[in-house]
Protein chains: 2
Amino acid sequence: MRTEGRAKRLPRAVRERQIMDAAVDVFSRLGFHAASMDEISEVAGISKPMLYAYLGSKEELFATCIRREATRMMEAIATGVEPDQEPDVQLWSGLRAFFGFVGENRASWMVLHRQASTQGGPFAVELTDMRTRAVSLVAALLTQSTKAPATKLEAESLAAALVGAGESLAEWWLDHPEEPAGVVAARLMNLVWMGFGDLVEGNVWHPPSRR
Amino acid sequence: MRTEGRAKRLPRAVRERQIMDAAVDVFSRLGFHAASMDEISEVAGISKPMLYAYLGSKEELFATCIRREATRMMEAIATGVEPDQEPDVQLWSGLRAFFGFVGENRASWMVLHRQASTQGGPFAVELTDMRTRAVSLVAALLTQSTKAPATKLEAESLAAALVGAGESLAEWWLDHPEEPAGVVAARLMNLVWMGFGDLVEGNVWHPPSRR
DNA sequence: CAGTAGTCTTACTCACGAGTAGGTACCAGG
DNA sequence: CCTGGTACCTACTCGTGAGTAAGACTACTG
């Protein structure tokens with residue numbers, strides 16, 4: 001079944017990357033429990049003992065996957081968002097960065113959201129951490145821009161709702177990959193910024209003209 | 001460990017209910033793979049062969065759980081929503097019914113959303129089915145009320161976004177149970193009907209005075 | 001009181017998967 | 001050419017959990 005000729009001895013760092021990639025792939029397809037170390041090692045083109053020697057137990061491997069993918073994603077969003085802009089523009093660029101990342105890293109997103117959130121224990125912690133950062137980002141955006149007196153808890157829960165909406169819209173998007181990322185992002189932007197009440201009246205939000 | 005004296009012979013229908021309740025409990029806590037038929041049978045206060053005799057294999061049991069809980073939930077929403085009302089009122093009553101159900105049936109919701117959505121295969125079908133019904137309900141609400149020309153696909157994807165927002169707000173709510181259902185529902189209502197754009201201006205939506 | 005239908009159990013088989021023991025192949029530096 | 005270290009493997013152990021065989025106990029029915 002091995003298509004390429006037997007791969008030769010490779011330095012540890014390279015193997016570890018291969019293994020991580022394989023692990024993200026398998027975990028995203030099967031979930032933590034259904035994924036087997038045998039399959040991961042096979043996909044990685046390596047034997048099981050190597051896997052254990054380099055990445056430790058199954059749980060350690062999974063946690064490492066989550067940490068790596070979470071970091072990649074937060075960095076993608078951070079570089080995509082433009083601070084010192086109007087709140088709606090910031091939100092817009094953040095949404096674009098988010099959906100852009102998910103679109104190009106479906107497996108990463110699956111591991112992060114679907115798999116990690118359903119496993120209890122140490123895994124959820126990494127996730128909650130990332131989510132908390134995202135929520136407080138949005139919450140800050142809100143409180144910074146709001147003119148009405150709103151409690152901190154109000155802002156936080158609205159931010160949580162928005163983040164949740166983004167998460168599950170991304171989830172939904174997995175089943176409708178034909179839509180381009182920008183369209184999905186724009187839809188969510190319109191929904192959460194304008195609301196149905198405006199949308200049914202025909203009032204839509206659109207980004208400022210390109211600078 | 002058995003607290004009650006040995007339960008006597010019970011008719012099949014009763015046992016099946018006990019087993020289903022136990023299965024929903026265990027599946028919601030552990031997920032499909034981590035849940036064992038041994039534990040389910042123990043929680044149900046019955047032996048494993050009975051479980052197999054009555055409910056079939058583990059997969060069949062899980063699918064049956066999903067179907068039962070999905071039906072319960074859709075019925076709860078259907079009885080809660082008031083047709084022939086303004087769109088926003090319909091949406092409001094629907095949201096209240098939904099969050100009311102989730103609040104009083106956390107285990108059901110976990111099985112439905114968290115567990116079922118992460119298992120592939122025949123399980124997701126039941127789920128997709130329920131979700132589709134919900135989405136087309138909301139989509140109909142939208143197209144029925146919209147004054148602007150909107151494509152069917154536009155309405156459907158907005159509805160999907162709203163349903164997704166509801167789902168993950170419910171998910172979020174599981175970790176913040178101190179909030180009452182009505183408050184959570186109202187927050188989502190405000191978010192999706194008014195939008196942040198209005199909310200930061202202090203414009204909020206509120207239900208019509210009680211009839 | 002037989003017979004039979006339905007409830008219920010103990011005590012298995014068997015496969016699969018996590019983790020390991022105990023090596024072999026290859027490449028440095030001396 | 002040895003010596004050590006790192007990459008790498010085959011071939012196991014062992015626990016856990018799905019599913020079953022085979023029968024026991026109860027209750028109704030004639």
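Every chain is numbered from 1, with letters handed out A, B, ... down the list of sequences. All values below come from the heavy atoms of this structure, side chains included, with hydrogens, waters and symmetry mates left out.
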Please report the distance, rounded to the nearest Å, between [atom1] in [X] and [atom2] in [N].
| X | N | atom1 | atom2 | value |
| --- | --- | --- | --- | --- |
| R12(A) | dA7(D) | CZ | C1' | 10 Å |
| E42(B) | dG17(D) | CD | P | 12 Å |
| E39(B) | dT16(D) | CD | C1' | 13 Å |
| L30(B) | dG17(D) | CG | P | 10 Å |
| F32(A) | dG17(C) | CZ | P | 14 Å |
| I46(A) | dT10(D) | CD1 | P | 12 Å |
| H33(B) | dA18(D) | NE2 | C1' | 12 Å |
| E16(B) | dC8(C) | CD | C1' | 15 Å |

**Prompt:** What does A35(B) touch in the nucleic acid at a heavy-atom separation under 4.0 angstrom: a base, only the sugar-phosphate, or nothing?
**Reply:**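 Touches sugar-phosphate only.
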
Of the options [options], whose atoms approach the side-chain atoms of [X] most closely?
| X | options | answer |
| --- | --- | --- |
| S47(A) | dG6(C), dC9(D), dT6(D) | dC9(D) |
| M37(A) | dT9(C), dA18(C), dC8(D) | dA18(C) |
| R15(A) | dA21(D), dC8(D), dG19(C) | dC8(D) |
| S57(B) | dG19(D), dG17(C), dC8(D) | dG19(D) |
| P49(B) | dT7(C), dT9(C), dA7(D) | dT9(C) |
| M50(A) | dT9(C), dA18(D), dC9(D) | dC9(D) |
| K48(B) | dT7(C), dA18(D), dA25(C) | dA18(D) |
| Y52(A) | dA18(C), dT7(C), dA18(D) | dA18(C) |

**Item:** Pairs satisfying salt bridge (charged side-chain N to carboxylate O under 4.0 Å, His left out), at least one member in residues 55-66 of chain B, at least two apart
**Value:**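 As it turns out, there is no salt bridge (charged side-chain N to carboxylate O under 4.0 Å, His left out) pair with a partner in residues 55-66 of chain B once direct neighbours are skipped.
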
**Prompt:** Does the pair R68(B)/E16(B) count as a salt bridge with the N-to-O cut at 4.0 Å?
**Reply:**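 Salt bridge between R68(B) and E16(B), a charged N being under 4.0 Å from a carboxylate O: no.
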
**Request:** Test for a donor-acceptor pair under 3.5 Å between the base of dT6(D) and the side chain of R9(A), counting only N and O atoms.
**Result:**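 In this structure, the two groups form a donor-acceptor pair.
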
**Message:** Between Y54(B) and dT7(C), is there a contact of a side-chain N or O with OP1 or OP2 at under 4.0 Å?
**Reply:**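 Yes, because at least one side-chain N or O of Y54(B) sits under 4.0 Å from OP1 or OP2 of dT7(C).
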
**Asked** Which pair of non-hydrogen atoms, one from L91(A) and one from V192(A), has the smallest distance, and what is that distance?
**Response**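 Answer, listing the atom of L91(A) first, then V192(A): CD2-CG2, 4.2 Å.
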
**Asked** Got a donor-acceptor contact below 3.5 angstrom from the W173(B) side chain to the E179(B) backbone?
**Response**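 Checking the backbone N and O of E179(B) against the side chain of W173(B), a donor-acceptor pair under 3.5 Å is found.
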
**Item:** Verdict with supporting geometry, R72(B) and E69(B), salt bridge (charged side-chain N to carboxylate O under 4.0 Å, His left out)
**Value:** CA-CA 5 Å; R72(B) 290 206 322 132; E69(B) 301 307 316; 3.2 Å; yes

